[in-house]
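Reading through the structure tokens given below for one structure.
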Amino acid sequence: MDVEAEQSERTEAWSGITPDAARRLVIAAVEAFAERGYHATTTRDIAGRAGMSPAALYIHYKTKEELLYQISVVGHRLSLGLLQDAANGDGGPADRLAAAVRSFVRWHAEHHTTGRVVQYELGALGPEHYTEVVELRRESEAAVRSVIHDGVRAGEFDVPDVPGTTVALLSLCIDVARWFNPGGRRTPDGIGALYADLALRMVGYAPRQR
């Protein structure tokens, strides 16, 4: 198990999953899906990483897809909460947009293994689960879009296409999970600060002169 997956076991992200065996299976699935991809991973792979038999897995999850759904919905709810907290926070549109991007990027860097599964294995979900997770993604877009709209109305942002810019910003942030290297020179906080600055540049932030 890699370091990030070991840390994830102790984070609030998975603390609501009980019993302990079910939580261990989720953590093992995160590692396996991130390393091998959903379709190349077998339930035997997951059970083995969790130190359990394949038969034990089915006590808690009927299918491999149920494990992916559990990971996806928890990850999306956590990242949505970060965006909504920032969007509804104090300060003007620029402060709130910067805060949203910083927290969203930092989460995808700190939890890059989970982030890769949450963001890039979406198509493997069954129709019902896919619909539920897509709705969470729409809520994430709505949170950021509302801040950008506020900035345009206040005359602080120059954004001809608010929906398109929203998608571009979120895509930029999400991609951090794909390339982030915990052994590299960039830290999650550093990347968050960089992307927050890039976000304000993308929306043509024009602070009012006092």
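Since we're looking at a predicted model, the values are computed, not measured.
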Inset, instruction - Would you mind checking if Arg77 and Glu132 are paired as a salt bridge, meaning a charged N to carboxylate O distance below 4.0 Å? - result: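 The answer is yes: the pair qualifies as a salt bridge.
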Legend entry - Check ion pair Glu141-Arg138 (N to O, under 4.0 angstrom):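 Judged by the 4.0 Å cut-off on N to carboxylate O distance, Glu141 and Arg138 do not form a salt bridge.
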Considering all heavy atoms, the nearest [X]-[Y] contact:
X: Cys173; Y: Val105; result: SG-CG2, 3.5 Å
X: Ala99; Y: Ala86; result: C-CB, 3.8 Å
X: Ile71; Y: Ala29; result: CD1-CB, 3.8 Å
X: Ala22; Y: His60; result: CB-ND1, 4.1 Å
X: Ser79; Y: Phe104; result: CB-CE1, 3.5 Å
X: Arg96; Y: Gly91; result: NE-O, 3.2 Å

Inset, instruction - Just do the side chain to side chain donor-acceptor pair (under 3.5 Å) check on Tyr58 and Thr43 with the steps written out, would you? - result: CA-CA 9 Å; Tyr58 295 111; Thr43 53; 3.1 Å; yes
Heavy-atom check, side chain of [X] versus side chain of [Y], under 4.5 Å:
X: Pro188; Y: Phe180; answer: yes
X: Val118; Y: His111; answer: no
X: Leu67; Y: Leu57; answer: yes
X: Val26; Y: Tyr61; answer: yes
X: His108; Y: Arg116; answer: no
X: Asp45; Y: Thr42; answer: yes
X: Val176; Y: His112; answer: no
X: Val203; Y: Asp158; answer: no

Inset, instruction - Given side-chain contact (heavy atoms from CB on, under 4.5 Å), test Phe157 with Val152 step by step and report yes or no. - result: CA-CA 5 Å; Phe157 298 166; Val152 172; 4.1 Å; yes
Legend entry - Residues Tyr120 and Asp175: side-chain donor-acceptor under 3.5 angstrom: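 There is such a pair between these side chains.
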Inset, instruction - Assess whether side chain to side chain donor-acceptor pair (under 3.5 Å) is satisfied between Glu66 and His129, documenting all intermediate values. - result: CA-CA 9 Å; Glu66 279 193 7; His129 289 160; over 6 Å; no
Inset, instruction - Name the orientation class of the two ring planes belonging to Trp179 and Tyr195 (parallel below 30°, tilted from 30 to 60°, perpendicular beyond 60°). - result: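 Ring orientation, 0 to 90° scale: tilted.
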Legend entry - Asp90, CG: over 12 other non-hydrogen atoms inside 6.0 angstrom: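 No - once you tally the heavy atoms of other residues, nucleotides and ligands closer than 6.0 Å, there are 12 at most.
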Inset, instruction - For the pair Arg137 and Gln119, evaluate side chain to side chain donor-acceptor pair (under 3.5 Å) and give the outcome as yes or no after the intermediate values. - result: CA-CA 10 Å; Arg137 293 170 76 90; Gln119 300 295 350; 2.7 Å; yes
